[in-house]
Amino acid sequence: MSTVEYHLEELAIAKSSTDARKALPPLPPCFASILDIGCGAGQTLLACNLHHDVLACGIDIDEEAVAFGHAQLDRERDGHLNLACAVGEALPFADASFEVVISRVAVPYMHIPTALAEISRVLTPGGHLWLTLHPYQMVFEFLGRALKAGNPKSTIYFCYALLNGVAFHLTGKQWRFPLNRKRCESFQTTAAMTRALRQAGFAQVEMEQNPHRFAIKAIKA
Ligand SMILES: C[S@@+](CC[C@H](N)C(=O)[O-])C[C@H]1O[C@@H](n2cnc3c(N)ncnc32)[C@H](O)[C@@H]1O
């Protein structure tokens, strides 16, 4: 499946009223600006049916997804979907630019302490954060599949992601993949995320974790 196909499928899921995989952010009743980090083609922002007055921005590292969002999905919001190609660890926005930041299953692919510090920087005081992460079993599953398929590259990568998750849990630190420094991946535990969020200046941290879903809400202190 191409990345564009993936984002279109996610848009269909997000717009569906019956799909159990649907996970949209619980938005505050009134806000003027929202940023989606790792937004793909902007599917989550679109599915939120935001009022046209709300400034809706999204960033993603994937140029193709952002270009597709601009060319196709932006029409659904009459040109009010502002997407840019950027990384979550260096957000191209001024301090306190957004009242709400959301990110659906994108933070696991980032250097989390740096990404959370950036999110905290661009949020207004009292601003809302909503994140979803993968269930921690996922990295184990992918490592198992790589071993079963006898794929050495994937095996090395998922061993790295597993060790990075253990390091994040025990020390709060993470490392980029030594064989490709652009990549960073880990699994996340509630303990590691609670500590990282507090260190980045968040309070009122609430988590929901089960084998299918790991969602976090927090407020910038
Ligand atoms: C699993 S997809 C989720 C996309 C979308 N948020 C959704 O829920 O459908 C993860 C997204 O994170 C993006 N991503 C990965 N690493 C990133 C980084 N360091 N900075 C920004 N985006 C990143 C990927 O390009 C991809 O679009």
Side-chain angles (χ1 to χ4, degrees), residues 1-16 19-27 34-50 56-74 76-77 81-93 98 100-122 129-139 141-142 157-158 160-161 164-165 168 174-177 180-188 196 200 212-216:
M1 191 192 280
S2 74
T3 59
V4 165
E5 281 166 346
Y6 167 83
H7 295 304
L8 283 176
E9 191 177 310
E10 287 298 319
L11 178 61
I13 294 170
K15 283 182 167 178
S16 154
D19 198 308
R21 293 168 295 174
K22 174 172 173 156
L24 287 180
L27 296 171
I34 181 168
L35 172 65
D36 184 355
I37 300 190
C39 64
Q43 59 265 28
T44 306
L45 288 169
L46 265 189
C48 285
N49 282 325
L50 301 165
C57 299
I59 65 102
D60 200 287
I61 201 170
D62 181 346
E63 278 178 35
E64 194 192 359
V66 168
F68 179 80
H70 268 306
Q72 302 291 328
L73 303 189
D74 196 24
E76 291 190 34
R77 221 180 163 246
L81 191 60
N82 304 288
L83 306 182
C85 196
V87 293
E89 294 95 328
L91 296 172
F93 303 104
F98 295 95
V100 178
V101 171
I102 62 170
S103 184
R104 254 187 101 243
V105 287
V107 165
Y109 306 108
M110 295 176 198
H111 186 274
I112 296 176
T114 310
L116 290 181
E118 276 295 89
I119 292 172
S120 177
R121 181 183 69 73
V122 302
L129 170 65
W130 177 80
L131 299 175
T132 70
L133 307 170
H134 293 303
Y136 71 87
Q137 297 91 331
M138 204 160 140
V139 168
E141 259 176 57
F142 280 123
Y157 183 74
F158 288 110
Y160 147 76
N164 215 19
F168 187 45
Q174 292 196 318
W175 284 270
R176 292 192 167 274
F177 184 41
N180 178 354
R181 310 262 324 144
K182 284 187 184 159
R183 298 187 77 181
C184 190
E185 189 167 342
S186 61
F187 70 87
Q188 299 80 41
H212 311 289
R213 188 175 152 89
F214 186 177
I216 300 179

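Order of listing sets the numbers, starting from 1, for every ligand and every atom in it.
- For ligand 1, the atoms closer than 4.0 angstrom to any heavy atom of Y109 are 15 (C), 16 (N).
- D19 pairs with exactly one of K15, K22, R21 by the salt bridge (charged side-chain N to carboxylate O under 4.0 Å, His left out) rule, that one being R21.
- Residue-level proximity to ligand 1 for E10 is carried by the side chain, the only part with a heavy atom below 4.0 angstrom.
- Ligand 1 does not have H111 within reach: every non-hydrogen atom of the residue lies 4.0 Å or more from it.
- Of all protein heavy atoms, the one closest to atom 19 (N) of ligand 1 is E89 OE1, 3.0 Å.
- Taking any N or O of D60, backbone or side chain, at least one lies under 3.5 Å from an N or O belonging to ligand 1.
- When hydrogens are left out, the protein atom nearest atom 7 (C) of ligand 1 is R104 NH1, 3.2 Å; that is the closest non-hydrogen contact.
- Contact of the F68 side chain with the L73 side chain is registered, since non-hydrogen atoms from C-beta on lie closer than 4.5 Å.
- The residue among L45, V107, I61 with a heavy atom at the shortest distance from atom 17 (C) of ligand 1 is I61.
- Contacts between A86 and ligand 1, counted as non-hydrogen atom pairs separated by less than 4.0 Å, involve the backbone only.
- Considering only heavy atoms from C-beta on, L131 comes within 4.5 Å of L116 through its side chain.
- Two residues are said to be in side-chain contact when any heavy atoms from C-beta on lie closer than 4.5 Å; Y136 and S186 fail this criterion.
- Nearest-heavy-atom check against atom 20 (N) of ligand 1 across P108, G88, S103 picks out G88.
- Checked against a 3.5 angstrom limit, the closest N/O atoms of G38 and ligand 1 fall inside it.
- Annotation: atom 10 (C) of ligand 1 to nearest protein heavy atom, V105 O, 3.4 Å.
- Without hydrogens or angle criteria, H111 side chain to Q174 main chain gives a donor-acceptor distance under 3.5 Å.
- Side chains of L91 and L35 form a contact here, defined as non-hydrogen atoms less than 4.5 Å apart.
- Atom 12 (O) of ligand 1 has its closest protein heavy atom at A106 CB, 3.4 Å.
- Using a 4.5 Å cut-off on side-chain heavy atoms (C-beta onward), V105 and H134 make contact.
- Within the structure, the closest approach of C184 to ligand 1 does not fall below 4.0 Å when heavy atoms are considered.
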